[in-house]
Amino acid sequence: MRKIVDIGILVSGSGSNFQSIIDQIEQGNLDASIKVVVSNNPDAYALERAKKHNIPAVVIDHNNFNDRNEFDQEMIDVLNSYSVELVIMAGFMRILTPLFIKAFPMRIMNIHPAILPSFQGIHAQERAFDYGVKFSGCSVHFADEGVDTGPVIIQSVVPVYNDDTAETLQQRILREEHRIFPQAIQFYAEGKLEIIGRKVIVKDHKRIDETPLHNPPLTKF
Ligand code: GAR
């Protein structure tokens with residue numbers, strides 16, 4: 001039987017990843033139901049998206065709390081009041097406390113705009129670009145108590161071109177984020193994710209071809 005997973009979404013900004021999840025649910029590709037979206041930023045455009053799709057939205061402004069634990073406890077209470085099973089960090093720009101992580105053990109997914117463990121933390125796309133990498137990409141992972149350190153579920157790799165800017169690279173990565181995040185949630189909904197230590201085993205997926213990529217392409221060897 002098809003299982004619908006009840007999700008809660010944490011946002012801070014534009015919410016384009018949030019939108020991709022909405023779209024995939026509406027198109028019948030993603031077996032999830034968005035119970036609530038929580039924003040720490042009262043001005044986040046993601047809140048407009050929630051309104052447009054009749055999704056309950058709650059603003060919890062971190063500036064109104066004395067410490068991180070108090071703020072996280074409020075988020076836990078709201079998510080639990082909507083019976084959220086899986087928490088989705090869709091461009092949520094706050095570091096979660098151990099209190100929050102323990103409230104949803106291996107039930108929090110984050111999207112990070114780099115190939116982890118490279119470029120953990122903020123401004124990942126810009127730092128990858130400035131570093132001069134030839135490939136970058138994005139990762140969906142379960143959140144643990146570190147910053148972008150939890151077990152990786154799925155990654156997508158994109159090339160960096162000579163005429164890129166940090167912005168064009170960011171856009172290329174974002175397009176892939178919009179694909180792998182709904183996919184990771186769908187794997188979860190289908191009961192396909194098994195966590196063994198640091199490793200997430202995605203059950204019964206096709207093996208990808210062993211095709212090394214080179215950027216720039218090899219001309220001789
Ligand atoms: C996305 O690129 C996401 O990977 C990144 O913020 C952007 C949010 O965009 N998240 C992080 O950097 C987390 N450290 P969105 O609001 O349009 O989904």
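These figures come from a predicted structure and were not determined experimentally. Atoms considered below: every heavy atom in the structure, side chains included; atoms not considered: hydrogens, waters and symmetry mates.
Across all their heavy atoms, Arg107 and Phe142 have their closest contact at N-CD2, 4.5 Å. Closest approach of Phe18 to Arg49, counting heavy atoms only: CE2-CB, 4.0 Å. When every heavy atom of Val5 is checked against every heavy atom of Tyr188, the shortest pair comes out as CG2-CE2, 3.6 Å. Val152 and His141 get closest at one heavy-atom pair: CA-CB, 3.8 Å. Scanning all heavy atoms of the two residues, the minimum distance from Gly15 to Ala46 falls at CA-CB, 3.8 Å. Minimum heavy-atom separation, Ala184 to Val140: CB-CG1, 3.7 Å.
Side chain of Arg127 to backbone of Ile122: a donor-acceptor contact under 3.5 angstrom is found. Gln170 places no side-chain N or O within donor-acceptor distance of the main-chain N or O of Glu126, the cut-off being under 3.5 Å.
Considering Asn40, Val38, Asp43 in turn, Asn40 is the only one that fulfils the side-chain contact (heavy atoms from CB on, under 4.5 Å) rule with Ser12. Screening Val147, Ile101, Asn110 for a side-chain contact (heavy atoms from CB on, under 4.5 Å) with Leu96, the sole residue that qualifies is Ile101.
The OG atom of Ser156 lies 5.5 Å from the CD1 atom of Ile180; values are rounded to the nearest 0.5 Å. Atom CD1 of Ile7 is separated from atom OH of Tyr82 by 14.5 Å, given to the nearest 0.5 angstrom. To the nearest 0.5 Å, atom OG of residue Ser118 and atom NE2 of residue His112 are 8.5 Å apart. Going from atom CG of Asn63 over to atom CD1 of Ile60 covers 13.0 Å, rounded to the nearest 0.5 Å. Interatomic distance, Glu70 CD to Thr97 OG1, rounded to the nearest 0.5 Å: 11.5 Å. One distance of note links CD of Glu26 with CD1 of Ile34; it measures 8.0 Å at 0.5 Å rounding.
Connection of Ile108 to Val200 is not established within any shared hydrophobic cluster, with ILVMFWY side chains joined at heavy-atom distances below 4.5 Å, either directly or through further cluster members. Criterion: ILVMFWY side-chain heavy atoms under 4.5 Å apart, direct or through other members. Under it, Val36 and Ile22 are not part of a common hydrophobic cluster. Hydrophobic clustering (side-chain heavy atoms under 4.5 Å, transitive across Ile, Leu, Val, Met, Phe, Trp, Tyr) keeps Val84 apart from Val11. Note on Ile9: it does not cluster hydrophobically with Ile76, by side-chain heavy-atom contacts below 4.5 Å among ILVMFWY residues.
Contact of the Leu79 side chain with the Leu10 side chain is registered, since non-hydrogen atoms from C-beta on lie closer than 4.5 Å. Ser16 is not listed as a side-chain neighbour of Glu177, based on a closest heavy-atom distance of 4.5 Å or more.
Sorted by first and then second residue, the pairs that involve residues 79-101 and meet salt bridge (Lys or Arg N to Asp or Glu O under 4.0 Å), not counting sequence neighbours, are Lys3-Glu85.
Taking the six-membered ring where the residue is Trp, Phe65 and Phe71 present perpendicular rings, their angle passing 60° and hence far from 30°.
Asp67 and Asn69 form no side-chain donor-acceptor contact under 3.5 Å, judged by distance and modelled atom types alone. Inspection of the Asp144 and Thr149 side chains reveals an N or O donor paired with an N or O acceptor under 3.5 Å. When only modelled atom types and interatomic distance are considered, Glu167 and Gln171 share no side-chain donor-acceptor pair under 3.5 Å.
Shown here are the ring-ring contact (aromatic ring centres under 6.0 Å, His included) partners of Tyr131, two or more places apart in sequence or in another chain: Phe119. Scanning for salt bridge (charged side-chain N to carboxylate O under 4.0 Å, His left out) contacts around Asp164 gives Arg172, with sequence neighbours left out.
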Are His178 and Asn17 close enough, and set up right, to give a side chain to side chain contact (heavy atoms under 4.5 Å, CB included), and what steps lead you there?
CA-CA 6 Å; His178 297 162; Asn17 276 288; 3.5 Å; yes
